[in-house]
Novice: 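The structure under discussion is supplied below as structure tokens; questions concerning it will follow.
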Protein chains: 2
Amino acid sequence: MNKSELKVISVLERVGGFASAQQLHQLLLRSGESIGLTSVYRALQSLVDDKIVDQLRKDDGEAIYRLCGEAHHHHLVCKSCGSTVEIEGSALEKWAKAMAEEHEYREVGHLAEVFGICPSC
Amino acid sequence: MNKSELKVISVLERVGGFASAQQLHQLLLRSGESIGLTSVYRALQSLVDDKIVDQLRKDDGEAIYRLCGEAHHHHLVCKSCGSTVEIEGSALEKWAKAMAEEHEYREVGHLAEVFGICPSC
DNA sequence: GCAGAAATGAAAATGATTTTCATTTCTGTG
DNA sequence: CACAGAAATGAAAATCATTTTCATTTCTGC
Ligand SMILES: [Zn+2]
Ligand SMILES: [Zn+2]
Ligand SMILES: [Zn+2]
Ligand SMILES: [Zn+2]
């Protein structure tokens, strides 16, 4: 666990959810840390390998990361203003688990997001 | 539906599963078609917009495409080999609808994908 | 202190995808 | 057919996240 990895973990803790490598780098710089983008990528890759960080892909192909420890949850996102609400996901969790078991998949994870227009928009 | 889109659909039919834009372009060239890579990307994007083609991302971020017979559905994706299975989504649909109603969101849609390691990997 | 190993980051390279733009093909109208 | 405007095409350039290279700095054990 080197300096870069510690810095990346601390910013991921601060973020408390998913963020891209570029976002994390910007956040580190803004908070006064001195670190190169290369080191952010290297640290993230190493943390993913060690299963300390989860990596997945947005629809546009960019990788996003979060601490594995983060409480897992889902969002209701407004397509118009971008505001988000955290939503209750037990039914979804059950569904994802059932689907994975039915097809005998291991090391299962999932991604789910609900989009719409919020009442105030 | 222009020439490029027809060519791309025909090669997707031939492939019968997922393939990347670059692979599809190569296949088209090898089978004697004359088409530019740009047109393959354009056709795929348009077919995805029209929901004629499914797009998803490999772990390395590359987009892969396939003909999408059915209307709306979800996938179980292998993180290792990229193979996918279509899964039954009624529980998920119900959940998404309930969450949206609870928060009074309109024009609701959702994204959901389950990923893991398939039995043969 | 000192040699070798590990870490760092700037700059260059990579590779998929998108954009630009000049050219070609299509389509409708007279 | 002719001919103008619209749509389609694709080569080349641009974009952009990510990876690689490589020279420099920092760390570690002796
Ligand atoms: Zn809103
Ligand atoms: Zn979940
Ligand atoms: Zn597999
Ligand atoms: Zn659904």
Side-chain angles (χ1 to χ4, degrees), chain A residues 1-12 15 17-67 111, chain B residues 1-12 15 17-68 77 79-84 111 113 115:
Chain A
M1 185 77 48
N2 56 38
K3 277 184 186 173
S4 298
E5 289 171 26
L6 290 172
K7 287 177 185 175
V8 166
I9 286 178
S10 99
V11 73
L12 277 170
V15 165
F18 281 102
S20 70
Q22 315 263 352
Q23 286 174 329
L24 295 171
H25 182 227
Q26 283 307 311
L27 287 170
L28 282 165
L29 293 188
R30 272 185 229 133
S31 66
E33 291 288 354
S34 162
I35 187 173
L37 181 56
T38 311
S39 296
V40 173
Y41 275 107
R42 248 191 307 244
L44 284 169
Q45 195 49 65
S46 160
L47 292 168
V48 168
D49 290 346
D50 295 347
K51 302 198 197 302
I52 294 167
V53 161
D54 275 337
Q55 172 182 32
L56 52 92
R57 297 273 168 184
K58 290 191 301 177
D59 271 1
D60 68 0
E62 193 180 14
I64 51 180
Y65 307 85
R66 79 167 170 199
L67 278 184
L111 192 51
Chain B
M1 187 74 50
N2 56 38
K3 276 184 187 173
S4 299
E5 289 171 27
L6 290 173
K7 287 178 186 174
V8 166
I9 287 178
S10 97
V11 73
L12 276 171
V15 165
F18 279 99
S20 70
Q22 315 263 354
Q23 287 173 330
L24 294 171
H25 182 228
Q26 284 307 311
L27 287 170
L28 281 166
L29 293 188
R30 271 185 231 134
S31 65
E33 291 287 355
S34 162
I35 187 173
L37 181 56
T38 311
S39 296
V40 173
Y41 275 109
R42 248 191 309 242
L44 284 169
Q45 193 49 63
S46 161
L47 293 168
V48 168
D49 290 346
D50 295 348
K51 304 199 198 300
I52 294 167
V53 162
D54 270 341
Q55 171 182 34
L56 52 91
R57 297 272 168 187
K58 290 191 300 175
D59 269 3
D60 67 0
E62 193 181 14
I64 51 180
Y65 307 84
R66 82 164 169 192
L67 277 184
C68 166
V77 185
K79 285 189 276 195
S80 169
C81 69
S83 70
T84 66
L111 273 183
E113 205 166 71
F115 40 90

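Here the structure is a predicted model, which is why all the values come from computation and not from measurement. Chain letters run A, B, ... following the sequence lines, proteins first and then strands; every chain starts at 1.
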Novice: Could you tell me the separation between the CG atom of A:Leu29 and the OG atom of A:Ser34, rounded to the nearest 0.5 Å?
Specialist: 8.0 Å

Novice: Got a list of side-chain donor-acceptor pairs under 3.5 Å for residues 42-50 of chain A, not counting sequence neighbours?
Specialist:
unit_1: A:Gln45; atom_1: NE2; unit_2: A:Asp49; atom_2: OD1; d: 3.3
unit_1: A:Ser46; atom_1: OG; unit_2: A:Glu5; atom_2: OE2; d: 3.0

Novice: Tell me, which of residues 23-35 of chain A have any heavy atom that sits under 4.0 Å from an atom in DNA chain C?
Specialist: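 Within this stretch, A:Ser34, A:Ile35 sit under 4.0 Å of the strand.
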
Novice: Less than 4.5 Å apart, any side-chain heavy atom of B:Val15 and any of B:Arg66?
Specialist: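 A side-chain contact under 4.5 Å is absent here.
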
Novice: The criterion is side-chain contact (heavy atoms from CB on, under 4.5 Å); which residues satisfy it with B:Asp59, sequence neighbours excluded?
Specialist: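 Scan of B:Asp59 (side-chain contact (heavy atoms from CB on, under 4.5 Å), adjacent residues dropped) gives B:Lys79.
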
Novice: Only counting residues at least two apart or in another chain, list the ones meeting side-chain contact (heavy atoms from CB on, under 4.5 Å) with B:Glu62.
Specialist: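 Testing B:Glu62 for side-chain contact (heavy atoms from CB on, under 4.5 Å), a comparison that skips the adjacent residues, returns B:Ser20, B:Gln22, B:Lys58, B:Asp60.
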
Novice: Does B:Leu67 have any side-chain contact (heavy atoms from CB on, under 4.5 Å) partners at least two apart in sequence or in another chain, and if so, which?
Specialist: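 Result, side-chain contact (heavy atoms from CB on, under 4.5 Å) vs B:Leu67: B:Ile9, B:Leu12, B:Glu13, B:Ile52, B:Val53.
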
Novice: Can you give me the closest heavy-atom contact between A:Ala21 and A:Leu37, atom names plus distance?
Specialist: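 Smallest interatomic distance, heavy atoms only, reads O-CD1, 4.4 Å.
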
Novice: Round to a whole Å and report the spacing from CD of B:Glu5 to P of C:dT25.
Specialist: 19 Å

Novice: In the structure shown, which nucleotide is the Watson-Crick or G-U wobble counterpart of C:dA22, with both distances under 3.5 Å?
Specialist: D:dT9

Novice: Can you name the residues that form a side chain to side chain donor-acceptor pair (under 3.5 Å) with B:Gln55, not counting sequence neighbours?
Specialist: B:Tyr65

Novice: Could you check which of C:dG9, D:dC27, C:dT18 has an atom nearest any side-chain atom of A:Lys3?
Specialist: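 That would be D:dC27.
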
Novice: Would you say B:Ser39 reaches D:dT9's phosphate, i.e. side-chain N/O to OP1/OP2 under 4.0 Å?
Specialist: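 For D:dT9, neither OP1 nor OP2 has a side-chain N or O of B:Ser39 closer than 4.0 Å.
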
Novice: Of the listed nucleotides (D:dT21, D:dT19, D:dT9), which one gets closest to any side-chain atom of A:Arg42?
Specialist: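 Looking only at side-chain atoms, A:Arg42 lies closest to D:dT21.
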
Novice: Starting at atom CG of B:Asp59, determine the distance to atom C1' of D:dT19, rounded to an integer number of angstrom.
Specialist: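 Between C1' of D:dT19 and CG of B:Asp59: 17 Å.
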
Novice: By the salt bridge (charged side-chain N to carboxylate O under 4.0 Å, His left out) test, which pairs, at least two apart or in different chains, include something from residues 17-34 of chain B?
Specialist: B:Lys7-B:Glu33

Novice: In whole angstroms, how far is the C1' atom of D:dT9 from the CG atom of B:Leu44?
Specialist: 15 Å

Novice: Identify all pairs in which a protein N or O lies below 3.5 Å from an N or O of nucleotides 11-17 of chain C, and state each distance.
Specialist:
unit_1: C:dT17; atom_1: OP1; unit_2: B:Ala63; atom_2: N; d: 2.8
unit_1: C:dT17; atom_1: OP2; unit_2: B:Tyr41; atom_2: OH; d: 2.6
unit_1: C:dT17; atom_1: O5'; unit_2: B:Tyr41; atom_2: OH; d: 3.4

Novice: When you check the phosphate oxygens OP1 and OP2 of D:dA7, does a side-chain N or O of B:Asn2 lie under 4.0 Å from one of them?
Specialist: no

